[in-house]
Amino acid sequence: ARQFERCEHVSRDVPRIAVMGDSKSRSLSVGLFRRSDAQSRLLFVGGHNDDVEPLPLLSDEPMYASFQPWTKVAIDAIANSADIKVVILTAAARSLFLLDDDASLEALPSSPHQRAVVEGLDKVVKVFGAHGKKVILTIDTPTLPAPEDCIMRKSSSALLNQIFRPRTHTCTISYDTQLRLSKNYRDAVAEVQRRNPTIFTVFDTLPILCDVAARTCSSINDGQLYYAYTDHISAVAAEKVAERLVPFAKEFGGLGFAR
């Protein structure tokens with residue numbers, strides 16, 4: 001039988017925060033589980049398992065049809081849990097906008113799906129809001145090539161280096177380019193926030209994963225690999241995001257200590 005990649009929670013406390021989304025939510029959940037406390041235990045529903053993926057959009061548009069059964073199951077499970085107070089939605093911008101390339105957002109500015117993303121996400125937020133939940137969407141992480149294409153590799157053999165050209169730099173994207181390419185995505189999220197100002201907010205990951213002062217986003221920071229596979233963040237990066245996201249979620253949902 002088909003099922004979600006992960007549906008889990010820490011059993012020692014009642015979960016107060018639900019995390020839902022595609023495979024990027026699975027990557028982020030690693031850090032969130034590590035950083036949660038008694039007031040912020042997690043329920044995670046999501047990940048990617050063949051075509052089983054709860055993309056956080058409710059839509060009648062045919063291009064999103066394959067996601068809808070799983071999205072609805074996940075939403076129903078979370079919405080009907082009286083213990084859950086905050087829902088964190090995480091999904092790749094490329095998935096929301098149905099892009100084929102997992103290493104670049106170059107096609108996003110020309111995507112015709114912005115309106116569908118706005119309406120689909122707005123419906124999800126309103127369902128959770130009607131059940132008394134607060135909703136946070138994490139802004140998608142910088143989209144970079146796969147980590148194995150970003151790590152410098154050089155053999156001691158000149159012959160091997162001639163055959164397999166060593167990479168001499170890590171993969172980066174300028175902060176401003178990331179903002180430019182993701183503008184339609186960020187505008188869509190901002191519109192949903194405008195419609196739902198009291199129950200929906202945004203958590204931006206770029207100030208954590210990028211060097212804003214240097215206007216650069218890189219796959220390696222402080223000697224640590226920030227990406228695990230394709231454009232999915234590593235456990236190290238997930239924990240850095242969670243260090244700020246967990247207290248942010250607790251404050252937004254009234255779950256305990258302020259930041």
Side-chain angles (χ1 to χ4, degrees), residues 4-9 15-36 40-49 52-58 64 67 70-71 73-75 77-79 84 86-99 102 105 108 117 120-122 124-125 127-128 133-144 178 182 185-186 188-190 192-193 200-210 226-250 252-253:
F4 293 118
E5 180 189 5
R6 289 285 189 278
C7 184
E8 58 189 347
H9 66 88
R16 301 297 183 187
I17 299 174
V19 182
M20 170 189 155
D22 61 11
S23 54
K24 285 204 170 184
S25 71
R26 171 60 179 151
S27 296
L28 177 59
S29 73
V30 173
L32 292 172
F33 273 112
R34 290 178 180 176
R35 287 289 172 173
S36 69
S40 58
R41 296 299 181 211
L42 302 180
L43 166 68
F44 174 73
V45 182
H48 178 82
N49 184 16
V52 178
E53 190 172 46
L55 195 68
L57 297 178
L58 285 172
Y64 295 114
F67 300 108
W70 308 106
T71 298
V73 167
I75 289 174
I78 295 168
I84 298 297
V86 179
V87 183
I88 298 175
L89 304 176
T90 300
R94 58 179 170 79
S95 296
L96 297 172
F97 283 79
L98 304 176
L99 307 183
D102 63 6
L105 294 182
L108 199 156
V117 171
L121 179 58
D122 182 59
V124 171
V125 171
V127 169
F128 285 132
K133 321 294 185 194
K134 296 287 187 73
V135 183
I136 300 169
L137 183 131
T138 61
I139 291 294
D140 194 15
T141 55
T143 302
L144 296 168
Q178 176 68 25
S182 62
Y185 157 73
R186 297 174 78 97
V189 173
V192 177
Q193 187 173 22
F200 178 67
T201 193
V202 174
F203 182 86
D204 197 345
T205 64
L206 265 63
I208 302 169
L209 301 175
C210 300
Y226 269 29
Y227 287 76
Y229 64 98
T230 61
D231 60 342
H232 295 69
I233 59 174
S234 66
V236 169
E239 193 158 357
K240 288 185 179 295
V241 173
E243 285 176 5
R244 300 188 193 179
L245 178 52
V246 168
F248 181 91
K250 288 170 66 176
F252 185 58

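All values below were derived from every heavy atom in this structure, side-chain atoms included, with hydrogens, water molecules and symmetry-related copies excluded.
- The CD1 atom of Ile208 lies 4.5 Å from the CZ atom of Arg244; values are rounded to the nearest 0.5 Å.
- Using a 3.5 Å distance cut-off with no hydrogens or angles, the side chains of Ser40 and Arg16 do not pair a donor with an acceptor.
- The minimum heavy-atom distance linking Ala92 with Asp22 is given by the pair N-OD2, 2.9 Å.
- Under the 3.5 Å distance criterion, with hydrogens and angles disregarded, no donor-acceptor pair is assigned to the side chains of Thr138 and Thr205.
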Residues Val117, Phe97; criterion side-chain contact (heavy atoms from CB on, under 4.5 Å); working and verdict: CA-CA 7 Å; Val117 171; Phe97 283 79; 3.9 Å; yes
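- Side-chain atoms of Glu239 and Val30, non-hydrogen and from C-beta on, never get closer than 4.5 Å to each other.
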Let's go through Arg94 and Asp140 carefully: what are the C-alpha distance in whole Å and the side-chain angles of both, what is the deciding distance for salt bridge (charged side-chain N to carboxylate O under 4.0 Å, His left out) to 0.1 Å, and is it a yes or a no? CA-CA 9 Å; Arg94 58 179 170 79; Asp140 194 15; over 6 Å; no
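- By the ring pair (Phe, Tyr, Trp, His ring centres under 6.0 Å) test, Phe252 pairs with no residue at all, sequence neighbours left out.
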Assess the residue pair Leu57 and Phe67 against the criterion (side-chain contact (heavy atoms from CB on, under 4.5 Å)); give the C-alpha distance rounded to whole Å, side-chain angles, the decisive distance to 0.1 Å, and a yes or no. CA-CA 8 Å; Leu57 297 178; Phe67 300 108; over 6 Å; no
Run the side-chain contact (heavy atoms from CB on, under 4.5 Å) check on Val135 and Val124 step by step: do they pass? CA-CA 9 Å; Val135 183; Val124 171; 5.9 Å; no
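- Separation of atoms CZ (Phe44) and CG (Leu28) is listed at 9.0 Å; rounding is to 0.5 Å.
- Residues Val86 and Gly253 approach most closely at CG2-CA, 3.5 Å, considering heavy atoms.
- Taking 4.5 Å as the limit, some side-chain heavy atom of Asp204 sits within range of a side-chain heavy atom of Arg186.
- Of all non-hydrogen atoms in Leu42 and Phe33, the two that sit nearest each other are CD1-N, 3.5 Å.
- Pro56 is not listed as a side-chain neighbour of Phe128, based on a closest heavy-atom distance of 4.5 Å or more.
- A distance-only check finds no donor-acceptor pair linking the side chain of Ser29 to the backbone of Leu32 [under 3.5 Å].
- Between Lys240 and Tyr226, the closest heavy-atom pair is CD-OH, 2.8 Å.
- Between Gln178 and Leu209 there is no side-chain heavy-atom pair separated by less than 4.5 Å.
- Proximity of Ile84 to Pro15: side-chain heavy atoms (C-beta onward) are separated by under 4.5 Å at one or more points.
- Taken to the nearest 0.5 Å, the CD1 atom of Ile17 stands 12.5 Å off from the NZ atom of Lys133.
- For the residue pair Leu105 and Ser182, the shortest heavy atom distance occurs at CD1-CB, 4.2 Å.
- Of the options Thr90, Thr71, Ile88, a side-chain contact (heavy atoms from CB on, under 4.5 Å) to Met20 is made by Thr71 and by none of the others.
- With sequence neighbours excluded, the residues satisfying side-chain contact (heavy atoms from CB on, under 4.5 Å) with Ala238 are Ile233.
- Put simply, OG1 on Thr141 and CG on Asp231 are 6.0 Å apart, with the number rounded to the nearest 0.5 Å.
- Here the OG1-CG distance, from Thr143 to Leu108, works out to 8.5 Å after rounding to the nearest 0.5 Å.
- Here the CG-NE2 distance, from Asp102 to His232, works out to 8.0 Å after rounding to the nearest 0.5 Å.
- Minimum heavy-atom separation, Tyr229 to Ser27: OH-OG, 4.1 Å.
- With a 4.5 Å cut-off on side-chain heavy atoms, Val241 and Phe203 count as touching.
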